[in-house]
Amino acid sequence: MPKLIKERVPTPERPVEERIKDFDEVNLGYTWELALKEAERCLQCPVEYAPCIKGCPVNINIPGFIKALRENKDNPRKAVKEALRVIWACNSLPAITGRVCPQEDQCEGACVVGKVGDPVNIGKLERFVADYARQHGIDDELLMEEIKNIKKNGKKVAVIGAGPAGLTCAAELAKMGYDVTIYEALHEPGGVLAYGIPEFRLPKEILRKELKKLSILGVKIKTDHIVGRTVTIPELLKEYDAIFIGTGAGTPKLLKIPGINLNGIYSANEFLTRINLMKAYKFPEYDTPIIVGKRVIVIGAGNTAMDAARSALRLGAEVIIAYRRGEEDMTARIEEVQHAKEEGVKFMFFVNPVEFIGDENGRVKAVKFEKMKPLEERDSRGKRKIIGTGEYVTVETDTVVIAIGQTPNRIIWKTTPGLKVRENGTIVVDENLMTSIPGVFAGGDAIRGEATVILAMGDGRKAAKAIHEYLSKKSA
Ligand SMILES: Cc1cc2nc3c(=O)[nH]c(=O)nc-3n(C[C@H](O)[C@H](O)[C@H](O)COP(=O)(O)OP(=O)(O)OC[C@H]3O[C@@H](n4cnc5c(N)ncnc54)[C@H](O)[C@@H]3O)c2cc1C
Ligand code: SF4
């Protein structure tokens with residue numbers, strides 16, 4: 001019987017007082033020695049029923065990559081190359097998923113060691129493999145081996161949107177020999193990874209390196225191309241054999257309450273885009289400004305809210321997260337909530353904004369909240385329902401960031417006759433991720449609404465296989 005070690009090997013983190021002064025990464029990840037020690041905790045459940053594999057949305061062979069590390073103790077280069085080979089079979093962006101996946105709800109949530117102690121730190125081990133490989137040129141070596149096996153098939157596919165769904169679909173298709181072009185609306189690829197998730201969680205250098213792999217695979221990226229404006233899907237269909245839509249869910253939901261148009265109220269999307277994509281935290285070195293007052297109230301409690309709050313804190317503000325439900329209902333990753341608390345973000349639970357109050361210059365000066373209370377009854381997502389108590393509380397502020405969710409942009413379906421969408425704007429697809437238009441596939445947040453990076457990547461992979469099958473049958 002393997003020895004069970006209950007406590008996980010911690011990953012080093014930068015001290016709070018240092019990290020809140022900059023946007024550099026908080027968690028420093030494992031060293032080779034620490035990674036090996038943590039890898040030893042895995043009980044090596046048989047692949048056929050290892051619960052961690054089932055818990056991973058793209059079913060990475062987790063005991064397999066951990067075994068590769070353990071079996072090559074004396075040769076870290078070989079260990080990491082073999083581990084990366086196993087991971088790449090299912091996931092082309094492990095440096096990213098190792099950092100941003102909510103592992104507690106996925107692989108780690110299912111790990112058997114977690115029943116008696118801490119689950120194996122699968123996310124940080126995945127991240128270690130990807131980082132070590134990148135730092136030592138091992139990923140380039142593996143990529144070159146893969147490229148040798150690519151046989152061009154002369155068929156062209158357009159991918160719309162360079163987020164995790166589009167990037168994964170493009171990479172998989174390129175490996176199968178397709179000539180792939182990505183059309184991206186913004187001036188930089190990456191989707192939420194570029195404009196939403198801050199550097200202190202996902203350094204942009206890592207994203208750029210992952211994107212370089214795509215260009216090595218021959219994928220072309222046309223930035224500043226808004227499909228629906230610059231070019232439409234019917235026009236693209238004349239040039240390409242198939243299309244994948246991975247346009248995400250980037251339109252912010254806003255509150256329909258008095259005072260919403262006061263100065264000092266941002267959508268989280270605008271706030272984070274200014275900071276992450278336009279580097280407003282380096283103003284005036286970069287020319288996009290951001291005005292953050294002394295006290296920022298962030299409304300919402302998902303990853304977006306946590307990212308906005310921790311960014312505002314780094315710009316020198318006192319920050320309060322206001323959430324209409326309770327602490328246990330928050331949807332943000334546990335690690336991000338912990339980091340936010342450590343860094344001094346304050347939380348108000350069971351409060352629902354009903355009015356933004358402005359000063360004589362039209363700037364927000366306070367938020368009026370109704371106090372809420374939970375009911376026993378649960379909604380379709382298993383969360384406790386809440387009702388207003390009729391009691392109110394007013395909190396002074398000078399900046400508000402609204403992070404209550406995002407929906408898909410409607411530009412695609414408005415300019416694509418025959419494309420079936422639901423009322424909430426998500427695109428309807430069949431079991432092969434094909435839309436109502438033959439040859440046009442879709443995945444990621446564009447079909448699910450706001451979800452996760454790994455689900456978007458899983459869709460990208462599945463769609464690439466389905467596109468390949470569709471085009472192979474068509475030409476047979
Ligand atoms: C702030 C924030 C933090 C998050 N944190 C996490 C996290 O920690 N973990 C996690 O798993 N998930 C997280 N998420 C959710 C996750 O980022 C998304 O589920 C994921 O990015 C969806 O991928 P996607 O490729 O479908 O879409 P996106 O990442 O949204 O990418 C879509 C791309 O399409 C482009 N596009 C849109 N319309 C057009 C058009 N008409 N023409 C051309 N291009 C277009 C957009 O510019 C964008 O680049 C977070 C989301 C946000 C907003
Ligand atoms: S469930 Fe946990 S112990 Fe079992 S193989 Fe997966 S990581 Fe290892």
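Nothing fancy with the numbering, it's 1 onward along the sequence. Counting convention: from 1, in listed order, for ligands and their atoms alike.
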query: Thinking salt bridges, do Glu450 and Lys253 make one under a 4.0 Å N-O criterion?
result: no

query: What protein heavy atom is closest to atom 3 (S) of ligand 2, reported as residue, atom name and distance in Å?
result: Leu43 N, 3.3 Å

- prompt: Heavy-atom contacts under 4.0 Å between Ile160 and ligand 1: side chain, backbone, both, or neither?
  reply: side chain

message: Between Asp329 and Arg324 (salt bridge meaning N to carboxylate O under 4.0 Å), is one present in this structure?
response: no

query: Does Cys45 bring an N, O or S atom to under 2.8 Å of atom 4 (Fe) of ligand 2?
result: yes

query: Which value, rounded to the nearest 0.5 Å, describes the distance between Arg325 atom CZ and Asn352 atom CG?
result: 10.0 Å

statement: From the list Arg14, Lys21, Arg314, salt bridge (Lys or Arg N to Asp or Glu O under 4.0 Å) partner of Glu343 resolves to Arg314

field: Worked verdict on Lys213 versus Asp139 for salt bridge (charged side-chain N to carboxylate O under 4.0 Å, His left out)
entry: CA-CA 9 Å; Lys213 282 200 288 199; Asp139 54 350; 5.2 Å; no

message: Please work out, at 4.0 Å between heavy atoms, whether the side chain, the backbone, both, or neither of Thr247 comes within that distance of ligand 1.
response: both

task: Could you check whether the rings of Tyr183 and Tyr240 sit parallel, tilted or perpendicular, using 30° and 60° as the cut-offs?
output: perpendicular

Salt bridge (charged side-chain N to carboxylate O under 4.0 Å, His left out) evaluation trace for Lys124 with Glu38: CA-CA 9 Å; Lys124 294 291 189 293; Glu38 180 64 12; over 6 Å; no

Sub-3.5 Å N/O-N/O distance, Glu450 and ligand 1: no

Proximity of Ile412 to ligand 1 by residue part, where a heavy atom lies under 4.0 Å: side chain

task: Work out whether the distance between some heavy atom of Glu336 and some atom of ligand 1 is less than 4.0 Å.
output: no

field: Any N/O pair Gly196/ligand 1 closer than 3.5 Å
entry: no

query: Is it the side chain, the backbone, both or neither of His225 that has a heavy atom closer than 4.0 Å to ligand 1?
result: backbone

message: With a 4.0 Å cut-off on heavy atoms, is Pro164 in contact with ligand 1?
response: yes

field: Atoms in ligand 2 with a heavy atom of Val113 nearer than 4.0 Å
entry: 3 (S)

- line: Going by the 4.0 angstrom heavy-atom rule, the piece of Leu272 near ligand 1 is side chain

- request: Flag Ile411 as yes when one of its N or O atoms lies below 3.5 Å from any N or O atom of ligand 1, and as no otherwise.
  value: no

- request: Looking only at protein heavy atoms, identify the closest one to atom 2 (Fe) of ligand 2 and say how far it is in Å.
  value: Cys111 SG, 2.4 Å

message: Gly166 versus ligand 1: do any nitrogen or oxygen atoms come within less than 3.5 Å of each other?
response: no

- request: For the pair Glu25 and Arg127, find out whether any cationic side-chain nitrogen is under 4.0 Å from an anionic carboxylate oxygen.
  value: yes

query: With a 4.0 Å cut-off, would you call Glu205 and Arg134 a salt bridge?
result: no

Closest to atom 5 (N) of ligand 1 (judged by heavy-atom distance), picking from His187, Gln106, Arg201: Arg201

- prompt: Can you check whether Glu184 has an N/O within less than 3.5 Å of an N/O in ligand 1?
  reply: yes

- request: Go through ligand 1 atom by atom and flag the ones less than 4.0 Å from a non-hydrogen atom of Ala165.
  value: 25 (O), 26 (O)

field: Arg201 and Glu335 ion-paired at < 4.0 Å
entry: no

- prompt: At what distance is the nearest protein heavy atom to atom 8 (Fe) of ligand 2, and which residue and atom is it?
  reply: Cys42 SG, 2.4 Å

message: Is the contact between Ala451 and ligand 1 made by the side chain, the backbone, both, or neither, using heavy atoms and a 4.0 Å cut-off?
response: backbone

- request: Indicate yes or no for a side-chain donor-acceptor contact from Gln44 to the backbone of Pro63 under 3.5 Å, with no hydrogens or angles considered.
  value: yes

message: Using heavy-atom distances only, which candidate in Gly302, Ala185, Cys169, Cys101 approaches atom 45 (C) of ligand 1 most closely?
response: Ala185

- prompt: Is a side-chain donor or acceptor of Asn72 paired with a backbone partner of Ala68 at a separation under 3.5 angstrom?
  reply: yes

- request: Could you pull out, from Leu193, Thr168, Asn303, the option with a heavy atom nearest to atom 6 (C) of ligand 1?
  value: Asn303

message: Regarding Asp131 and Arg99, does a basic nitrogen lie under 4.0 Å from an acidic carboxylate oxygen?
response: yes

Presence of salt bridge, Glu199 and Lys204, under 4.0 angstrom: no

task: Taking only heavy atoms of Gly246 into account, list the atoms of ligand 1 that are under 4.0 Å away from them.
output: 32 (C), 33 (C), 34 (O)

field: Residues Asp459 and Arg448 bridged, charged N to O under 4.0 Å
entry: yes

- prompt: Quick one: which of Asp459, Ile182, Val453 has a heavy atom closest to atom 16 (C) of ligand 1?
  reply: Val453

- prompt: If you measure every N/O of Gly190 against every N/O of ligand 1, is any gap under 3.5 Å?
  reply: no

message: Below 2.8 Å, can you find an N, O or S atom of Cys52 next to atom 6 (Fe) of ligand 2?
response: yes

- prompt: With a 4.0 Å cut-off on heavy atoms, does Asn409 reach ligand 1?
  reply: no

